[in-house]
**Student:** 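This structure is in structure tokens; I'll ask about it shortly.
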Amino acid sequence: MSANVSPSIQGKTSDGRLRKLLYSQKAAPYLFVLPFIVSFFLFFLYPMVNTIIMAFQEIAPGVTKFIGLKNFSNLMNPDFYKALRNSTVFTLWTLLILIPVPLVLAIFLNSSRMVAKNFFRSAMFIPALTSVVVAGTIFRLIFGELEGALLNSFLGYFGVDPIKWLVNPWSSMMALVALASWRWIGVNILYFLSALQNIPNELYESAGIDGATALQKCYYITLPMLKPITIYVLTISIYGGYAMFTESYMLWGGSNSPQNIGLTIVGYIYREGLQQNNMGFGAAVGITLLCITLVINIIQLRATGQFRKED
Amino acid sequence: MRKGSVIFLLSVMMLFTILVGCSGNNSGSGGNAAANEGEGGTANSGAATKLSLWTFSELHINFYKEMERQWNEKNPDKQVTLELTTLPYEDMHNKLLLALQSGTGAPDLADVEISKFGNFLKGQPQLVELNDVVEPELGNVVKSRFDIYSKDGKYYGIDFHVGATVMYYNKGILDQAGVDPDSIVTWDDYLEAGKKVVAATGKPMTTLETSDHWFLWPAINQQGSDYLDENGNVILDNEINVNTLKFAQKLLDEKVAVIAPGGDHAAEEYFGFMDNGGAASVMMPYWYMVRLTDYMPSLKGNIIIKPMPAWTDGGFRSAGMGGTGTVVTNQVKVPELAKQFLAFAKMSKEGSIQTWKILGFDPLRTDVWDLPEMKEANKFTEYFGTNIFDTLIEVKDEINPVHITEDIPAIVDKIKSDVLPRVLEGKEDPAKVLKEAADQFRN
């Protein structure tokens, strides 16, 4: 391959050479992808290789040294397990909410009988445009523990005692999932909507002629046709769930939460790597996270048949 | 041919943009360093030398500006211009850490908060040793406040304040319960007084934090204990610490204390709660005054400052807590000038007075505490009365040092996120929880 790259041109002037290079069927494509390749090497490959190296090092100014697998054996601690558990539970909840709900909403929004479609479409998408920092702060106040906080004052109408939302494990997970759902539903609706609009109308028409009901059409046409996009949304949601950080950081105003109920894997990288200046260990956590998401995604993609040879 | 060169030009431009974008990350801070280099050479010729300084507190900016003015008045031949940058707390520490680690992009001076300081002592500290400006003044200052920023006998940071921990009592509530704060000498007295307050007013005597440690740390420090001993060994689970947490549980069981709304004394919920007369007292360091004046205005004139209760008769009644050590980084171009300016700003009499006037902190120099300047009216004297420093003078010899090593940031995180929530909120056995936490740091 590399032999093809080097242009075997013998132009008389440099001008001619340049011209030949640019018109060369073989060289030009490489030239055009060069910017991407360079940025890929600089910003993805180099940091990644470096992270892998750092995961085996103890890093302190002037005394960086290799320590073998110690960073990885240090991972066997309750805080990391907690982070892993929180991230997993959070991911499962977001999958349970962020796939079915936007799917149904998208079907509604795509229906010709829906009124004020455009209004709802934009209204649902607005949360995705707000900054998580702002939204997180507001959610923190909504989930405040005093009687006067929004949720607790609702509960008050029904005579329920105020709940310390961000202290109990179940309610804090709820707060996290609520914030994530609020924020991402609009985006997922967008994915599903675009897929819905690609389903040819003829299918519905012919089903109608065959006497299919609306529900049957939905089950036998819409859902199967949405499979590719659903798999895509599933894949990015798994990754997104495990990579969650800002939401928890904002809800508890830092990476520390009572009994680590809000600690996520990325939060753990942040805490260990930056806040405690333990870059090597942070890198080890990062590599572990990469392996986990990779394995889960591969399993999921295999299970949904993505690796099957195209027929 | 023309078409060809246009395309070529375009792709070169794209490539160039990307490369520029890559170096753009550093150009902000790198540019700074370059500017300093240029200015450094002209330092002797009388032009002002630029010193860049990062801080995480807007309040500190006002202080540094005032000290820059005073320095330039006194040193016409060594003028400085401060380039002050305020960054959010976490951001600033992270950026500084990375800049020092990578060897480029750090400012000349930076404020480093005490619970982050350990991070900067790891390996070979990338900071300038300050012994030659600190040592001559050690007799006039609270020395334990310098030891906390040292490693192997070298001083690396200068604090703003002593951070003496005191008890802020709500006089109105105590009067209602018929409790005289001067009669509270020991923690047992405090517990008894608390019961009276609860019986008479239905309000708790105090609040305890679960996501911060301004009860545990000062309370064990008073008794000569700490998280680490002077050699850096973990003593987190010693008997004193266990008993102190048991006492905290007792305060909660007797309803004398409640858990601070919002989890700590800097939470919005807590400010509202306290401002409405939620509890009869709060134990915090002197630097908490500005929070009271700014966030709890209705308590104005109603708060009295007293020493902490002692654990035994004659025991220590305060503890130096919190703090911000200003450091000179090793990327400084004019180390001597930076050190001199820093020492002037934070250790001189002038600096100490401004520390009080602008920041409301208890300055490091003990010889300024009784100066008339300290009694001049300001927002703090309006709020707390004019004898704020009497309490400080009373307890100045009752302050133990805390032991800071590179393990402290991790230990403090553990205490805030695990130990305190489990012991205070979850009512778990302090001995067990502390042992678990301590073991994690022993190996």
Side-chain angles (χ1 to χ4, degrees), chain A residues 15-16 18-23 28 31-39 42-43 58-65 74 77-79 82 137 140-141 144-149 162 164 166-168 249 252-263 270-279, chain B residues 1 3-5 7-8 11 14-19 21-22 89-90 93-94 97-98 100-101 103 115-116 118-126 210-212 259 261-264 266-270 272-273 330 406-407 409-410 412-418 420-422 425-426 436 440 443:
Chain A
D15 221 23
L18 182 69
R19 192 173 161 185
K20 279 218 165 163
L21 179 73
L22 284 167
Y23 281 95
L31 194 65
F32 291 137
V33 294
L34 194 65
F36 167 75
I37 299 288
V38 169
S39 66
L42 270 177
F43 299 116
E58 183 183 321
I59 293 164
V63 288
T64 298
K65 57 175 186 281
N74 283 348
N77 75 67
D79 291 352
K82 188 98 182 201
T137 310
R140 177 154 54 98
L141 298 176
E145 62 186 58
L146 292 182
E147 280 170 43
K164 287 186 170 184
L166 298 178
V167 176
N168 297 321
Y249 188 84
W252 284 278
S255 73
N256 287 324
S257 50
Q259 304 198 39
N260 291 324
I261 47 176
L263 184 66
Y270 179 78
R271 183 200 282 179
E272 295 290 330
L274 289 171
Q275 289 188 307
Q276 298 177 6
N277 194 13
N278 204 347
M279 291 287 176
Chain B
M1 125 113 232
K3 197 174 160 201
S5 14
I7 292 173
F8 182 72
S11 49
M14 273 164 74
L15 188 66
F16 196 68
T17 325
I18 284 165
L19 291 176
C22 140
Y89 176 82
E90 289 291 351
H93 289 101
N94 294 344
L97 211 52
L98 291 177
L100 291 178
Q101 203 125 337
S115 60
K116 298 278 180 192
N119 284 335
F120 294 87
L121 297 177
K122 283 192 178 171
Q124 298 162 356
Q126 305 290 298
T210 52
S211 53
D212 223 329
I259 287 174
D264 61 71
E268 290 92 345
E269 282 108 322
Y270 175 79
F273 168 85
N330 66 352
E406 51 198 70
D407 288 333
V412 170
D413 273 351
K414 184 78 185 166
I415 287 169
K416 290 179 185 178
S417 62
D418 189 55
L420 292 176
R422 280 170 69 188
E425 194 92 46
E436 273 178 40
Q440 200 179 326
N443 40 48

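Residue numbering restarts at 1 for every chain, and letters A, B, ... go by the order of the sequence lines.
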**Student:** Considering only heavy atoms, which portion of A/I59 lies under 4.5 Å from any heavy atom of chain B: side chain, backbone, both, or neither?
**Tutor:** both
**Student:** What's the shortest heavy-atom distance between B/K122 and A/Q276, and which atoms?
**Tutor:** NZ-O, 2.5 Å
**Student:** So, for B/E269 and A/G144, which heavy atoms are closest and what is the spacing to 0.1 Å?
**Tutor:** OE2-CA, 3.5 Å
**Student:** Looking at A/E58, I'd like to know if its CD atom is crowded, meaning that more than 12 non-hydrogen atoms belonging to other residues, nucleotides or ligands lie closer than 6.0 Å.
**Tutor:** no
**Student:** Flag the one option from B/G263, B/S211, B/G262 with the top tally of heavy-atom pairs under 4.5 Å to chain A.
**Tutor:** B/G262
**Student:** Checking A/N74 against chain B: side chain, backbone, both or neither under 4.5 Å from a heavy atom?
**Tutor:** neither
**Student:** Report the distance from atom CG of B/D212 to atom CG of A/N256, rounding to the nearest 0.5 Å.
**Tutor:** 9.0 Å
**Student:** Tell me, for A/K82 versus chain B, whether the close heavy atoms (under 4.5 Å) come from the side chain, the backbone, both or neither.
**Tutor:** neither
**Student:** Please check: side-chain N/O of A/N260 versus main-chain N/O of B/D418, any donor-acceptor pairing under 3.5 Å?
**Tutor:** no
**Student:** A/L263, A/N278, A/N277, A/L146: which one forms the most heavy-atom pairs within less than 4.5 Å of chain B?
**Tutor:** A/N277
**Student:** For A/L274 and B/E90, run side chain to side chain contact (heavy atoms under 4.5 Å, CB included): C-alpha distance rounded to whole Å, both residues' side-chain angles, the deciding distance at 0.1 Å, then the answer.
**Tutor:** CA-CA 9 Å; A/L274 289 171; B/E90 289 291 351; over 6 Å; no
**Student:** Using every non-hydrogen atom in the two residues, find where A/P258 and B/P421 come nearest and quote the distance to one decimal.
**Tutor:** CA-CG, 3.7 Å
